[in-house]
Amino acid sequence: MSNLLANLNAEQLAAVTLPDEPALILAGAGSGKTRVLTTRIAWLIQNGHVSPAGVLAVTFTNKAAKEMQTRLAAMLPINTRGMWIGTFHGLCNRMLRAHFRDAGLPQTFAILDSQDQLSALKRLLKGLNVDDEKYPAKNLQYFINNAKEQGLRPADVEANDDYNRRFVDLYAAYDEQCQREGVVDFAELLLRCYELLRYNDAIRAHYQHRFRHILVDEFQDTNVLQYQWLKLLAGYGTGRAAAVFAVGDDDQSIYAFRGANVGNMRDFEHEFRVRQMIKLEQNYRSHGNILDSANHLISHNARRLGKNLRTDAGHGEPVRVFQGGSDGQEASWIVEEIRDQIAQGMSRSEIAILYRSNAQSRVIEHALFSAGIAYRVYGGLRFFERAEVKHALAYLQLIENPRNDAAFGRVVNFPTRGIGARSIEALQDAARQYNCSLSEAVAYVPGKAGSSLGAFIRLIDQMRAETRRMTLPEMVEYVTNTSGLIQHYRTEKEGQDRIENLQELVTAAQAFVMEEGYGLDAPAAVLPAGHEGAPALAEGDQAQQVLDPEQLPVVMTPLVAFLTHASLEAGDNQAQAGQDAVQMMTVHAAKGLEFNVVFITGLEEGLFPHENSAMEADGLEEERRLMYVAITRARERLYLSFAQSRVLHGQMRYHVRSRFFEELPESALKWLTPPQQAYGGMGGGRREKSESAWGRDWFKRPEDVAYTGTKPTGGMDTGNGYADSKRAAETGFRVGQGVFHNKFGEGKITAIEGEGANAHAQIHFKRHGTKKLALGIAKLDPID
DNA sequence: TGAAGGCGCTTTTTT
DNA sequence: AGCGCCTTCA
C-alpha cells in the first residue's frame, strides 16, 4: 500500500491524481479501467482529500461493485464494508431504507424483480378486466419502466391518444397497487430515491455535503434518470458540487435498448465543465492484429468521442476468418479448431464462443457435445430466480408482510391445498370491495373457499409465531418443510434438483448472515440491537438521523436483508464452477471479460448486424460497437466465422456475410476459406491448406448434409455449400443481387427465406430501408 | 387437479 | 425448432 502509484502508466497516473474536480475518463477496452477507479479512491483517501465516508462509487453490476470493494480493501487498511460502493439500485435501496418515512415507504418494503413486476401487472390487468390482447402486460411493463427511467410519474407522461392514455391510467393503478402492497420495482428504487433527494431539502443537503467524491463506472450505460440522480447527489449547480469522476467508453455502449444514453457522456462533459478528458488508450490485453481490427472497425462510427487503442505487444497472429456452407459446418469447424487448441495445451476456459443471439448456441452445443468437449453456456435462470426458490422466498415474505399480495398469490395454492381459481377470484373480489390486501380479505370469503383460505392464513401465522426466535438459516429450513414444498417436490419426477436448490437456499442464508456480520446466532426477525448504528430507525426523528452519518449503514433484520439481497442479486446462473469448460455466451454477456481464444460466430447480414437494428436510430452503430466489444475480448487468437445458410426459428435462411468484414483491415485477416463467394465473384480467395478447414472436405460429412441441405420438398440438392447459387436457379434471385422495385426503387437482396411460393426476400432499398417481400408477388426486376 | 395439447413468439439484459 | 403460457379435458 506504500506506493499506490507504482506501475501506473502516464495516462493512468494522470487520471488517478486529478484534482478534486469533475473528470471524464475515456477508458478503452483492456486499458486498466477498474484499476484506475480503485486506485483513484485509495489515493484520494490516502492523501487526505476525502474520508472513506465521503466517497460514493457506483457501478451497474454487483460483480463490478464487489470487485471494486475487494481491490480497494487490498490497497488500504480500511473497512470498505461501510463505504458507499455499490450498484445504482443497491445504493438507492440503502438510502430508501434509511429514509423510508420521507420516501413514503413502509420500513420493510419488498423489492420486485422483473418477473415479479410482470406478475404484478398481470394480476392488475386481470383485476381491472383489461383486454390483455390489446394491452399486454409485457408492453405495459415496458411502458412503465420506460417512463420511470425518464423520471416521469403518470401525471408527467404525455399521452396524445386514447391508447396511450389507457397505459398512463394503468401505470397509475400499478403504482397504487405497489404502494398498497408495500413493494417497489427496480425502476421505482431509482425514481423514489431521486424524488427523495429532490423534494427533501434536508436529506439532499446532507448527502451533498457528505459525498465529496462521486465515482461512476460504465458511465456510457447510465440512463436519463441515473444521470439526473447523480447530478442531484453531486450538487450540480449548487456552486459547491462534488467531484464527479466518470469513467466510460462510448465505443462500448451496447445497452441503448434498455435505456442507456451515451449522450450522457457529452452532456456530462459540457454541464460539469470537464476541463480535460483523459483517454486511457494503452491496451494491455490484445495482440496487435486484434487491436487493429477493433480500431479499424470502430472508426466507421460517426460521433465518437475519439480514441485509438495501442499495444506494446507485437502483431501476433492474424485474425482467422472462416466461411461455412451451413451453421452445422461452422459448428464442426469450431469443434476442430478447439480440439487443436486443447491439444496444444490451451485451457478450455480460456476459449470463448460468442454469438449475437442465444438461438445460435444450440447448433454449436450439439457439435461440442458430440465431440465430448466440456462447455458452459452463460445466461438463463439464476439461483434466486428459480421457481422453487421464489416459492420459498414468498413464504418468507408473507411471514414478514402479509399484505404482500404478490407473495400471497404465488404460494396460496402451492403446494396445492384445495384453493382453486374460483376461490382466488372470490378472494380478489373481496379484496377489491373492501380495498384491502388478499390476506385481510380472507375474512370476507364465505363457505368452503373461506375455510381453506383461513387455513392458509393460519399456516402463515403459525410459521410467523414459530420462527420468531429462529436464526435465518433455521427459518429458511423450517419454511421449506412446513410449507410442504420439500414434500411436494419429493413426489415430482424432476423434483430432486429443486429440493437441492431449497437446501442450497439454507446454505445461502448461512453464508449471508456470516458475510453481513449478523452472525449465526442472530434471530432472523429481530433488529440487531447494538449492531453498528442500529435502533434509531424504528422510531425517532428522521432529521436527526440525517445529520448523523454514523447511523448509516442502515440496519435491517436478517430476514429483510436477505429478502432484499435475493431481489437485488439474483446470483450466479448455476455454473458447474471449477470445471474447465469452453465458455459460450452472447456478445453482450462477454462485456468486461477476456479470453485467450475467441470465436465470433454467425457474422452474417441479418444476424450480426441484426436485422432489427436497421429499424432503430443508430442501430447499426450500436451493432458495430457490439462487434467492437466482441473483438476486444480476445487476447491472443481471434476467429471470425459465418455460414451461408442456417436454420433459424425452424426455417432455413440464407445470408451474406456481415458488412463488418469490409470494415476490418485486410492486412490483419487470414481467410481460411475463399472470401468472395457471397457476392458472386470467386476471385481473391487465399486458401490456406495447411491449417484451414478447407482441406478437410467438410461437405461430405454425413452429419453435415442434414444441416446443409434444404428440405427435400424444395427439390434442392445442395449440400455442396453453394446453396444460394442453387436458389438463384430456382427463384431467379439470389442473396447479394441488385433489384429494382417500382415503388421502392433500387435495392439489394440481403437474405432469402422460405422456398417456392413462400419464398420471401429481405431487401435493403437505398431510399426506403429494409423490406421483406414475397418473391412470388412483388414486382422485382434484377439489375446489375 | 394435473396432464396434455395448442398457440404464439423468437436480439441483446442488469437491477 | 423449441419454449413458455394458456386453455382444455379427463
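Just so we're on the same page: letters track the sequence lines, and every chain starts at 1. For clarity, every value in this text was computed on a predicted model and none was experimentally measured.
Taking a cutoff of 4.0 Å between a charged side-chain nitrogen and a carboxylate oxygen, A:R625 and A:E622 qualify as a salt bridge.
By the side chain to side chain contact (heavy atoms under 4.5 Å, CB included) test, A:P415 pairs with A:Y395, A:R417, A:L485, A:H488, sequence neighbours left out.
A:N145 contributes no side-chain N or O that, together with a main-chain N or O of A:A187, makes up a donor-acceptor pair within less than 3.5 Å.
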Report the C-alpha distance between A:Q220 and A:E218 in whole Å, list the side-chain angles of each, state the deciding distance to 0.1 Å, and finish with yes or no for side-chain hydrogen bond (donor to acceptor under 3.5 Å, both in side chains).
CA-CA 5 Å; A:Q220 77 284 347; A:E218 306 278 17; 2.8 Å; yes

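By the 30° and 60° cut-offs, the orientation of the rings of A:F608 relative to A:F660 is perpendicular.
A side-chain contact (heavy atoms from CB on, under 4.5 Å) with A:M585 is found for one member of A:V377, A:I353, A:N358, A:L593 and no other, namely A:L593.
Whole-Å rounding puts the A:R625 CZ to B:dT12 P distance at 18 Å. The interatomic distance linking A:L607 (CG) with B:dT10 (C1') rounds to 12 Å, in whole Å. Rounded to whole Å, the distance from NZ on A:K138 to C1' on B:dG8 is 12 Å. Rounded to whole Å, the distance from CG on A:L620 to C1' on B:dT12 is 15 Å.
Note on A:E616: a base of the nucleic acid sits closer than 4.0 angstrom, heavy atoms only. A:K122 comes within 4.0 angstrom of the backbone, heavy atoms only, and of no base. Backbone-only engagement by A:N413 is indicated by non-hydrogen atom pairs under 4.0 Å involving sugar-phosphate atoms exclusively.
Under the 6.0 Å cut-off for aromatic ring centres, A:F384 and A:H565 qualify, their centroids lying closer than that. For A:F661 and A:F642, the gap between ring centers is short of 6.0 Å.
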Check the interface with nucleotides 13-15 of chain B: list each N/O to N/O pair with the protein under 3.5 Å, or write none.
residue, atom, partner, partner atom, Å
B:dT13, OP1, A:T586, OG1, 2.6
B:dT14, O4', A:R258, NH1, 3.4
B:dT15, OP1, A:N62, N, 2.7
B:dT15, OP1, A:N62, ND2, 3.3
B:dT15, OP2, A:R382, NH1, 3.4
B:dT15, O2, A:H89, NE2, 3.3
B:dT15, O4, A:S114, OG, 2.6

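Distance check on atom P: B:dT13 versus C:dG4 gives 16 Å, rounded to whole Å.
Heavy-atom contacts of chain A under 4.0 Å fall on DNA chain C between two terminal nucleotides, which in 5' to 3' order are C:dA1 to C:dC6.
With hydrogens and angles left out, the side-chain atoms of A:Y378 and A:Q583 include a donor and acceptor closer than 3.5 Å.
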